[in-house]
There are 2 protein chains.
Amino acid sequence: MLDITDMHILKELTKNSRITMKELGEKVHLTGPAASARVAKLEDNGIIEGYTIKVNQVKMGCLVHAIIHIYTKSTNHQPYLSFLKEHNQFIINNYKVSGESCYLLECKFPSNEILDEFLTGLSNLVGYKLSIVINK
Amino acid sequence: MLDITDMHILKELTKNSRITMKELGEKVHLTGPAASARVAKLEDNGIIEGYTIKVNQVKMGCLVHAIIHIYTKSTNHQPYLSFLKEHNQFIINNYKVSGESCYLLECKFPSNEILDEFLTGLSNLVGYKLSIVINK
DNA sequence: TTAACTCCTTTCATAAATAAAGTCAAACCG
DNA sequence: CGGTTTGACTTTATTTATGAAAGGAGTTAA
């Protein structure tokens, strides 16, 4: 399905997705149009889901990176999921997981005060355990 | 520091970072060069850290998305960190966290067998609790 | 008022993307 | 064996975007 050139293309686009097709072609030993055709195929296959940017969260004013283990009390998760939607500006990921907890919620907050508010609202709906990311 | 137009630019680039500066300009009510200048400034400021792609992990053959809570036994974390480096093809994130566990390790594996091998190696170095992501 | 500054637009030369046509090699088949 | 098809690539030519330079409008402050 994917040959070595495709893998090379994905690697280069992961490093810099705004590279020109001509430059990408040079890196993977193809001409511009050939590289472009490969990329179009990767898009059509759904291998490449999209092009995006990495934003510096700290400079954007989001200093507190929290990971919250969620233990749902009731069988109805809807109130919790609605709560997330209302606060989606802070949410990075909400994974449903097997294991000890029910969900693993990854968030970023501009301050501890706002995290505190968030947790106060959250505690009405579910049980949780909080971890704060110190380093990556 | 960042005005409403900058925020709008970041939003559009997050949705599609391969958009042309002309199109981006149209979306945020600027000309191409003006949009381009704004983006250059965001790059210089370090707000935009880079341009990348979203790759469909499942289609790439990585089906098992695991989150592993790490409890280091010894005070020397180096063996664990070296182990991660040796298996870095599976590692998405390794967060040092405050809270119950020491690290929160996010990984993707092509199969349960390979996850099993990974855990076998891991258990020589640290204690862990495993969660498998069922849904996002 | 004027100077300095910022941010934008306009213009234009250069560079890249894209479409179309042509090349080549491998696979298939009468 | 020769001819046809197919797929992936290159080449070429046209369209389109980029990026540099010049200029204008609005703001601030001397």
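Just so it is clear, the model here is predicted, and its values are computed rather than measured. Proteins come first, then strands; the chains are lettered A, B, ... in the order of their sequence lines, and each starts at number 1.
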- Message: Check whether Asn45(A) reaches the backbone of Ile47(A) with its side chain - one donor and one acceptor, N or O, closer than 3.5 Å.
- Response: no
- Message: Can you see if the side chain of Thr31(A) gets near the phosphate of dT10(D) - specifically, an N or O under 4.0 Å from OP1 or OP2?
- Response: yes
- Query: Could you give the NZ-to-C1' distance, from Lys22(A) to dT16(D), as a whole number of Å?
  - Reply: 16 Å
- Message: Between C1' on dT16(D) and CD1 on Ile19(B), what's the gap in Å once rounded to a whole number?
- Response: 15 Å
- Message: Can you confirm whether or not the ring centre of Tyr80(B) sits under 6.0 Å from the ring centre of Tyr103(B)?
- Response: yes
- Using a cut-off of strictly less than 4.0 Å, decide whether Ser36(B) has a side-chain nitrogen or oxygen near OP1 or OP2 of dG19(D). yes
- Counting only N and O atoms by type, is there a donor-acceptor contact under 3.5 Å from the side chain of Ser17(A) to the main-chain atoms of Thr14(A)? no
- Query: Considering only dA8(D), dC7(C), dT10(D), which nucleotide approaches the side chain of Arg38(A) most closely?
  - Reply: dA8(D)
- Roughly how many Å is it from CD1 in Ile9(B) to C1' in dC8(C), rounded to a whole number? 13 Å
- Report the distance from atom CG of Leu24(B) to atom P of dG19(D), rounded to the nearest whole Å. 13 Å
- How close or far is atom P of dC9(D) from atom CG of Asp3(A), stated in whole angstroms? 8 Å
- Report the nucleotide, chosen from dA17(C), dT11(D), dC7(C), that has the shortest atom-to-atom distance to any side-chain atom of Thr20(A). dA17(C)
- Query: Nearest to the side chain of Pro33(A) - dT11(C), dC7(C), dA19(C)?
  - Reply: dA19(C)
- Query: When you measure from the side chain of Arg18(A) to the backbone N and O of Ile19(B), does any donor-acceptor pair fall under 3.5 Å?
  - Reply: yes
- Note on the structure: Comparing nearest nucleotides in DNA chain C, the 5'-proximal residue of the pair Thr5(B), Arg18(B) is Thr5(B)
- How about Phe118(A) and Phe109(A): are their ring centroids closer than 6.0 Å? yes
- Query: Over how many whole Å does the gap from Met1(B) atom CE to dC7(C) atom P extend?
  - Reply: 12 Å
- Note on the structure: From CG of Leu30(A) across to P of dT18(C) the rounded distance in Å is 16 Å
- dG7(D) OP1/OP2 closer than 4.0 Å to side-chain N/O of Lys41(A): no
- Could you state the CD-P distance from Glu26(B) to dT9(C), rounded to the nearest angstrom? 12 Å
